[in-house]
Amino acid sequence: MLIKKLKGFRDILPEESALWRQIEGVAVEVFRRYGYRELRMPLLEETGLFRRSIGEQTDIVEKEMYTFLDGGGTSVTLRPEGTASAVRAFLENGLHRTDSKARLYYVGPMFRRERPQKGRLRQFHQLGAECFGWPEAGADADLLCLLWDLFDTLGLSTRVQLQINTLGCRGDRAAYVERLRAYLEPCRDELCENCRRRVDHNPLRVLDCKSTHCQEASAGAPTLLAGVCGDCGDHFVQVRSLLDRQQVPYQVNPRMVRGLDYYNRTTFELLSGDLGAQNAVAAGGRYDGLVETLGGPAVPALGFAAGLERMVLMLAEGNAATAATPLAFLVHRGEHALEAALLLRRQLIRAGVEADMDYGERSFKAQMRSANRAGARYALILGEEEVAQGNVAVKNLDAGTQETVAQDGVASILAATGSPASEEE
Ligand code: HAM
């Protein structure tokens, strides 16, 4: 019986992976220009890292992590997100010891055992940026400019909406949680089963619940924004005015709470109308207390992660994938022709010309059919005579013309013609 892939896991086939490369290429360049350097982190970490960072009472930690005991009896987890690992790496590698500043980015798979649907997978990929060491509002604005420029460079900025909010400081949040709990307590019975529990453990999440009952019950709830302290209020005003000056459009959404517990002050989501229910294509915010929570010094930090699958969904619309086509196809027939063809293909590839061939002893006609099917512009024909004389017959498959040239010269001739596939990248 055929073994199939797991639910919520996907193969990314060549036509689609061209789009992935395009997005990753743009992202890496935007990150680099903004001063971010790449961090490659393990996929597997000690479970405690995520429990402590993301929060015990969050959906991710409560029910979505792929956690198991490894052979040595240690509880390990496939990373559900990148921030916790980035902070661990920042601390463990002593990046905080120089000047406590670092700008890091990562690209890679994350794992959450959620119910799969459009744009929601159990293995998904994030492009993430984490910025350590700057408490100022300028850092928040700069990170949001980066995020905006990334989507703008991909031609997606007209299709997204940036929503921002502030969660204030720890004190603001604690006071707000009490106010919110007092507001929700009398309507506990109207809430969904999950939210009834959340009133006790994590009432902020009630604001985020998709159930219409919960939305109605919490519609008039006080907002955190209205009750943040002076410093946090000023910080938010500054972030907003810097964004205005940078002409990054945004909306303030005072009901926005995030599904991870480590945030404070500025939080944000980039939403798209093209994605259905899973409409956040990127999200992030400040997490000034997390480095300390994980045993380090007090280093302010902030970051975001964008969901690659969701970006691909947005870009794929009206953007038919084009299969890579070789510029040349080698057709070989007769003694020593295979050897000559392999050699010539290699010379062409090294010169940057995409060239393909068959390896079998098939008829001339069958190989010409393959050349046409592959979409090549030239057939490079190596018969016994050409091989003996060190030549190759170059047939232009569009024009039907043919000329014989020296094998040594063909790479430079074709390189000058340009390969359509390499131009696309
Ligand atoms: P998050 O909101 O959990 O934040 O995820 C960020 C983005 O990852 C989402 O907006 C979405 O595009 C994508 N994503 C999340 N879950 C899935 C899924 N199951 N399937 C497909 N895409 C998904 C974080 O992960 C934070 N670590 C972001 C951050 C970085 N905050 C500060 N620094």
Side-chain angles (χ1 to χ4, degrees), residues 6-10 12 20 23 27 31 36 39 41 45 49-50 53-55 58-61 63-66 78-90 102-132 139-140 143-144 146-147 150-151 156 160-165 167 205 208 256-272 274-291 300-315:
L6 296 170
K7 196 172 153 193
F9 287 68
R10 282 189 63 209
I12 296 148
W20 284 65
I23 297 171
F31 285 141
Y36 284 73
L39 173 67
M41 307 172 287
E45 299 268 10
L49 175 67
F50 303 115
S53 327
I54 299 169
T58 57
D59 285 352
I60 297 179
V61 169
K63 50 189 186 207
E64 294 170 359
M65 297 204 302
Y66 284 92
L78 278 171
R79 63 180 188 192
E81 59 111 45
T83 309
S85 302
V87 174
R88 183 205 44 71
F90 173 76
R103 292 194 189 105
L104 305 166
Y105 77 85
Y106 49 86
V107 184
M110 308 290 160
F111 303 84
R112 295 184 195 173
R113 203 173 183 289
E114 296 188 80
R115 195 168 47 77
Q117 62 182 90
K118 181 182 171 188
R120 187 161 76 190
L121 289 126
R122 290 180 170 179
Q123 176 178 330
F124 60 99
H125 298 72
Q126 284 185 342
L127 288 165
E130 312 292 353
C131 172
F132 296 94
D140 306 41
L143 183 77
L144 285 165
L146 185 173
L147 176 62
L150 169 60
F151 278 76
L156 294 176
V160 289
Q161 188 195 50
L162 176 64
Q163 294 197 344
I164 64 171
N165 191 20
L167 298 183
R205 298 289 301 161
D208 205 26
M256 186 178 72
V257 290
R258 302 272 303 120
L260 305 96
D261 279 355
Y262 47 63
Y263 293 110
N264 68 305
R265 291 201 165 170
T266 320
T267 51
F268 53 86
E269 287 186 346
L270 200 63
L271 305 178
S272 157
D274 304 338
L275 295 171
Q278 300 308 315
N279 61 350
V281 66
R286 258 199 186 275
Y287 50 92
D288 293 329
L290 186 58
V291 179
L302 69 165
F304 74 80
L308 257 161
E309 281 79 2
R310 295 183 190 179
M311 297 173 85
V312 169
L313 277 175
M314 290 185 75
L315 263 186

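As the structure lists them, so they are numbered: ligands from 1, and atoms in each ligand from 1. Residues: numbered from 1 along the sequence shown.
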Counting heavy atoms under 4.0 Å, the part of Y263 that contacts ligand 1 is side chain

Would you please name every residue forming a salt bridge (charged side-chain N to carboxylate O under 4.0 Å, His left out) with R120, sequence neighbours left out?
E114

Run through T83, V87, D288, T58 and flag the one making a side chain to side chain contact (heavy atoms under 4.5 Å, CB included) with Y262.
T83

Numbered atoms and elements of ligand 1 in range of G284, under 4.0 angstrom, heavy atoms:
31 (N)

Check each heavy atom of Q278 against ligand 1 and say whether those closer than 4.0 Å belong to the side chain, the backbone, both or neither.
neither

Is the closest heavy-atom distance from G128 to ligand 1 below 4.0 Å?
no

Side chains of L308 and I23 in contact at under 4.5 Å (non-hydrogen atoms):
yes

For atom 18 (C) of ligand 1, what's the nearest protein heavy atom and its distance?
F124 CD2, 3.4 Å

With heavy-atom distances below 4.5 Å as the criterion, would you say the side chains of E130 and L39 are in contact?
no

Nitrogen or oxygen of Y287 less than 3.5 angstrom from that of ligand 1
no

In terms of residue, atom name and distance, what is the protein heavy atom nearest to atom 33 (N) of ligand 1?
E130 OE1, 2.8 Å

M110 and ligand 1 - part of the residue with a heavy-atom distance under 4.0 Å:
neither

Looking only at protein heavy atoms, which one is nearest to atom 8 (O) of ligand 1, and what is the separation?
Q126 NE2, 3.2 Å

Counting N and O atoms only, with roles assigned by atom type, does the side chain of R112 sit under 3.5 Å from a partner on the main chain of P80, one being a donor and the other an acceptor?
yes

Which bit of R258 gets closer than 4.0 Å to ligand 1, counting heavy atoms only: side chain, backbone, both or neither?
side chain

Which of the ligand 1 atoms, numbered from 1, are nearer than 4.0 Å to a heavy atom of E114:
16 (N), 18 (C), 19 (N)

Does L290 reach the side chain of F132, with side-chain heavy atoms less than 4.5 Å apart?
no

Quick note on ligand 1: atoms under 4.0 Å from a heavy atom of G119 include exactly 20 (N), 21 (C), 22 (N)

Within the structure, is a non-hydrogen atom of R120 found at a distance of less than 4.0 Å from ligand 1?
yes

Considering only heavy atoms of Y262, which atoms of ligand 1 have at least one such atom less than 4.0 Å away?
26 (C), 27 (N), 31 (N)

Please test F31 against Y105 for ring-ring contact (aromatic ring centres under 6.0 Å, His included), starting from the C-alpha separation and ending with a verdict.
CA-CA 7 Å; F31 285 141; Y105 77 85; 4.8 Å; yes

Against heavy atoms of L260, which atoms of ligand 1 measure under 4.0 Å?
3 (O), 4 (O)

What is the nearest protein non-hydrogen atom to atom 13 (C) of ligand 1, stated with its residue, atom name and distance?
G307 CA, 3.7 Å

Steps toward side-chain contact (heavy atoms from CB on, under 4.5 Å) verdict (V107, H125):
CA-CA 7 Å; V107 184; H125 298 72; over 6 Å; no

Only heavy atoms of F304, strictly under 4.0 Å: list the atoms of ligand 1 that pass.
29 (C), 30 (C), 32 (C), 33 (N)

Does G259 reach ligand 1, in the sense of a heavy atom lying below 4.0 Å from it?
no

Tell me whether the count of non-hydrogen atoms from other residues, nucleotides or ligands lying under 6.0 Å of CZ in R113 goes above 12.
no

Checking heavy atoms under 4.0 Å, the part of I60 that sits near ligand 1 is neither

Determine whether R258 and E269 satisfy the following criterion, salt bridge (charged side-chain N to carboxylate O under 4.0 Å, His left out), listing intermediate values before the conclusion.
CA-CA 9 Å; R258 302 272 303 120; E269 287 186 346; 3.2 Å; yes

Ranked by distance from atom 20 (N) of ligand 1, the top protein heavy atom is L121 N, 3.0 Å

Which residues share a salt bridge (charged side-chain N to carboxylate O under 4.0 Å, His left out) with R122, sequence neighbours left out:
none

Has R286 got a side-chain atom pairing as donor or acceptor with T266's backbone, closer than 3.5 angstrom?
no

Which of the numbered atoms in ligand 1 are under 4.0 angstrom from any heavy atom belonging to A280?
9 (C), 10 (O), 11 (C), 12 (O)

Are side-chain heavy atoms of F50 and I60 found at a separation under 4.5 Å?
no

Kindly indicate whether the side chain of F9, heavy atoms from C-beta on, has any atom under 4.5 Å from the side chain of P116.
no

Of the protein's non-hydrogen atoms, which lies at the shortest distance from atom 30 (C) of ligand 1, and what is that distance?
T83 OG1, 3.0 Å

A305 heavy atoms, cut-off 4.0 Å: which ligand 1 atoms fall inside?
6 (C), 7 (C), 28 (C), 29 (C), 30 (C)

Proximity of P80 to ligand 1 by residue part, where a heavy atom lies under 4.0 Å
neither

Yes or no on side-chain contact (heavy atoms from CB on, under 4.5 Å) for D59 and K63, after CA distance, side-chain angles and deciding distance?
CA-CA 6 Å; D59 285 352; K63 50 189 186 207; 3.8 Å; yes

What protein heavy atom lies closest to atom 27 (N) of ligand 1? Include the residue and the distance to one decimal.
E81 OE1, 2.5 Å

